[in-house]
Amino acid sequence: MKPLIAALLPVTAVFLSSCGQQGPADKRIKQMDSTRTASIADSIEASVKPELAEGLTLKLWGIDSLVISPIAIDVDDHGRVYYTTTNRQKNSEFDIRGHRDWEIPSISLQTVEDRRAFLHKELSPENSDRNKWLADLNGDSSHDWRDLTVEKENVYRLEDISGDGVADKSQLVVDDFHDEVTDVAGGVLSDGDDLYVTIAPDLWRIRDKDKDGIADEETSISHGYGVHIGFSGHGMSGVEMGPDGRIYWQIGDIGFNGTGKDGKKWEHPNSGVVARSNPDGSDFEIFAYGIRNTHEFAFDEYGNLIGEDNDGDHPGEKERLVYIVNGSDAGWRSNWQYGKYRDPDNNTYKVWMDEKMYLPRFEGQAAYITPCISNFVSGPAGFVYNPGTALSPEYKNTFFVAEFVGSPAHSGIHSFKLNPKGATFELGEHRKILGGILATGLDFGPDGALYVADWIDGWGTHNYGRIWKLDEKDAAATAARRETQSLLAADFTKRKATELGELLKNPDMRVRMKAQFELAKRGDKGAAAFQQALQQTGSQLARVNAIWGISQLGRQNKKYAAALVPVLKDSDPEIRAQAAKWLGDIRYSEAGSALVPLLKDTASRARFFAAEALGRIKYAPAVDPLISFLEENNDEDAYLRHAGCLALARIGKAEPVIALASSPSRALRIAAVVTLRRMGNPGVAKFLDDADEFVVTEAARAINDDLSIKDALPALARLLTT
């Protein structure tokens, strides 16, 4: 459907100075008469025929005249919508499918600087004549890499100034980022005075220091994203505030290769990653890897990180719901897709498809991966979780994913719930709740409505877009939603610690986290409030947020973490699991002996997080208990296997793991191979002699894959003669 050309209607535009930046004034406010915006919204609503689940309503909040091809959206605590849009997709961001001759060179790239060098060579001024497909954007009569330094990325802020339910003011707050290796602005997070924007090769923290609404300070929090030229849209996105007060973000399979502020190097050039750090970039780590492109993800009220990953575009497969845990490897590598499959002299064996790595767990599946929860909808884009009071009680404990497939007729939004299954989950109740809208980004507003970015139609960038409000009929006036909206807009710095402690019991996760984060800034007073919340038993979620808050304090000063050790013996298995998880997360080594008994806990989640924690604190006395833990699991729960293997690998004692080559337990021999793979230890070659073909296969994968275990390659080669 062709959008109404609302841009022809009268608007008031105010052009502001560029705030010290070089070049023409390019920071713009566009404000429209609210009567006109409401009229335009009514006209568009009348022309769009969405398919809605019973009880839901859809109202246009952001009209075409004020919205430009929104990718990601974030609604702040005052109901203002920030959204990213891209100019670089038009000319300066490439899709490898349009440059097949680049596939092999692109696979060989290992760093962002390799990519830069490749572009300088391939798109050199000397090659201008053969590269006339590239627009001469800088007007120098040469079609070269310098034309990639012109188009900029944008973030806009939309507001409903009149309060009539339709946005009437748009402000361009970011207009920058145009290096030749700059990718698309795929994610945005508003956090107080800061904006976090994902634009490879960096995660940027952007500040409006003079409070005029326009960004004037840009700081790279993390660098090294976008190694390869891959599928368009597989860049950085999904930036979220975690329950621990750290920023989480992702990049798809164009890869990452970089270092943290502590100098530690992380190399994942051939897969997507989920990264995290403190808001200033410290305490950086790759949280998980092996994803293709989760685009966005969400935390539930227990801190579980859930997303949906793109499939590999092979015939017969499907996208995957994924449970993303620390150190997990979902299995995808960009080399499962490119290059050799078009080489007539190569074999046709497709690792991803022939080994069925895209399916949920089955007997015989590769053991080093954390398998998906379920295969689910196509083209995942926006992804959110109901924070507690949004929409209506019917949608409590519910995730929402936008299905983006280029056409509004086949796109929309799906809701689903998850049910516990061992240490992971299985897909529960699910349905399509909205059709007929080409949804991209999603976010819940403080008013409890679900805001939906609308690309309108097609795959390419337009000069128009929309933002809708999806809501439950008559639910906006409920007391819980009105209270949430008021609390999210309130200044918590002025509230007493005891009052904030009571807010940890609030039914909305956003309010609880806001109170938690404020208490975490108050040292001993915050710790006392957390202790009080932890000791009561009337609200389990208040106890969970108290544990998160204590872990935040524990990252600042380890003395606070001691309060969580007795909680490992709590009668509530979820509370035991949370205490174990966050003691490990902050690496509180003093908890080692108290964590070991949880390896035999009756609850799978408690066992899982105890194993994870013992690995993070590198508790050497746990080696034998972890081996027993893996033996008792008998290779049944893939997530328990993951936690045990990762823990042994992090502890780093190879000898007892290699010794498992003679164990009668097949489960232990499989776990040993996965552990040694994680360690990059050549002792894995000993398992090439195993009598079980699966164990041998897993050892061969370990030696061959990724950067390979070089000292074990000769032993793998000798296997060809058997």
Side-chain angles (χ1 to χ4, degrees), residues 53 274 288 290-292 294-311 316-332 355-380 383-386 394-403 413-433 509 540 544 572-574 576-578 581 601-612 632-646 667:
V274 174
I291 57 179
R292 186 170 186 253
T294 53
H295 195 70
E296 290 189 3
F297 44 72
F299 292 94
D300 70 9
E301 65 263 51
Y302 294 107
N304 300 307
L305 186 56
I306 307 295
E308 186 175 6
D309 203 4
N310 276 133
D311 64 13
E317 67 165 327
K318 189 78 172 177
E319 278 85 345
R320 296 155 293 121
L321 281 177
V322 288
Y323 175 31
I324 303 168
V325 297
N326 186 248
S328 59
D329 179 357
W332 177 260
E355 298 184 17
K356 299 180 181 179
M357 296 172 71
Y358 63 94
L359 292 175
R361 173 77 190 280
F362 63 88
E363 181 62 32
Q365 189 178 44
Y368 69 91
I369 70 171
T370 47
C372 69
I373 297 169
S374 176
N375 298 110
F376 202 39
V377 300
S378 301
F383 194 99
V384 290
Y385 182 75
N386 188 333
E394 178 184 357
Y395 291 101
K396 191 174 172 61
N397 309 123
T398 300
F399 293 90
F400 302 83
V401 58
E403 181 177 27
I413 299 174
H414 297 255
S415 69
F416 68 93
K417 297 184 179 184
L418 295 177
N419 299 322
K421 184 181 180 181
T424 181
F425 303 93
E426 62 183 0
L427 181 63
E429 174 190 339
H430 58 92
R431 60 175 172 157
K432 188 172 185 177
I433 63 168
M509 180 178 174
Q540 185 197 53
V544 170
D572 185 334
E574 180 60 33
R576 296 197 299 272
Q578 292 286 336
K581 176 180 180 177
D601 197 279
T602 56
S604 296
R605 278 174 63 82
R607 297 198 301 276
F608 175 89
F609 288 120
E612 178 184 275
E632 290 168 12
N633 181 51
N634 198 30
D635 204 46
E636 292 176 2
D637 189 318
Y639 275 74
L640 292 180
R641 179 182 64 201
H642 160 76
C645 294
L646 183 60

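For the single chain, residues carry numbers from 1 onward in sequence order.
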Would E308 and F383 satisfy side-chain contact (heavy atoms from CB on, under 4.5 Å), going step by step from the backbone distance to the final call?
CA-CA 8 Å; E308 186 175 6; F383 194 99; 4.2 Å; yes
Taking every non-hydrogen atom, the tightest pair across [X] and [Y]:
X    : Y    : answer
A606 : P573 : CB-O, 4.3 Å
S604 : A423 : CB-N, 3.7 Å
G290 : D329 : CA-OD1, 3.4 Å
G644 : A611 : N-CB, 4.2 Å

Is a donor on one side and an acceptor on the other found under 3.5 Å between the side chain of R641 and the backbone of D635?
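Answer holds: no.
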Give a yes or no on whether the backbone of G379 and the side-chain of E319 come within a donor-acceptor separation of less than 3.5 Å.
yes
Is it true that E301 and N397 share a donor-acceptor pair across their side chains at a distance under 3.5 Å?
yes
Would you please say whether a donor-acceptor pair under 3.5 Å links the side chains of N326 and E612?
no
Going from [atom1] on [X] to [atom2] on [Y], what distance comes out if it is rounded to the nearest 0.5 angstrom?
X    : Y    : atom1 : atom2 : answer
F399 : L321 : CZ    : CG    : 9.0 Å
D637 : F608 : CG    : CZ    : 9.0 Å
R576 : T602 : CZ    : OG1   : 5.0 Å
D311 : S378 : CG    : OG    : 7.0 Å
N310 : R320 : CG    : CZ    : 8.5 Å
D572 : Q578 : CG    : CD    : 9.5 Å

Taking only residues at least two apart or on different chains, which pairs with a member in residues 422-431 satisfy side-chain hydrogen bond (donor to acceptor under 3.5 Å, both in side chains)?
E394-R431, Y395-R431
Side chain proximity check, I369 to W332, heavy atoms < 4.5 angstrom:
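No - every pair of side-chain heavy atoms lies 4.5 Å or more apart.
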Is any side-chain heavy atom of D309 closer than 4.5 Å to one of P380?
no
Paired with S374, the side chain to side chain contact (heavy atoms under 4.5 Å, CB included) test is passed by just one of L427, L359, V322, namely L427
Per side chain to side chain contact (heavy atoms under 4.5 Å, CB included), I306 is matched among F297, F299, Y385, Y323 by Y323
Show, in sequence, the C-alpha distance, side-chain angles and deciding distance for Y302 and Q540, and conclude whether the side-chain contact (heavy atoms from CB on, under 4.5 Å) test is met.
CA-CA 10 Å; Y302 294 107; Q540 185 197 53; 2.5 Å; yes
Quick test of your reading of the model: are D300 and K417 salt-bridged, counting only N-O distances below 4.0 Å?
no
R605 bridged to E574 by N-O distance under 4.0 Å
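Here R605 pairs with E574 in a salt bridge, since their nearest N and O are under 4.0 Å apart.
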Audit row: L305, V325, side-chain contact (heavy atoms from CB on, under 4.5 Å) steps and yes/no:
CA-CA 7 Å; L305 186 56; V325 297; over 6 Å; no
If you count heavy atoms of other groups shown closer than 6.0 angstrom to NZ of K432, is the number above 12?
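Buried by this count: over 12 neighbours within 6.0 Å.
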Assess whether side-chain contact (heavy atoms from CB on, under 4.5 Å) is satisfied between Y358 and K318, documenting all intermediate values.
CA-CA 7 Å; Y358 63 94; K318 189 78 172 177; 5.6 Å; no
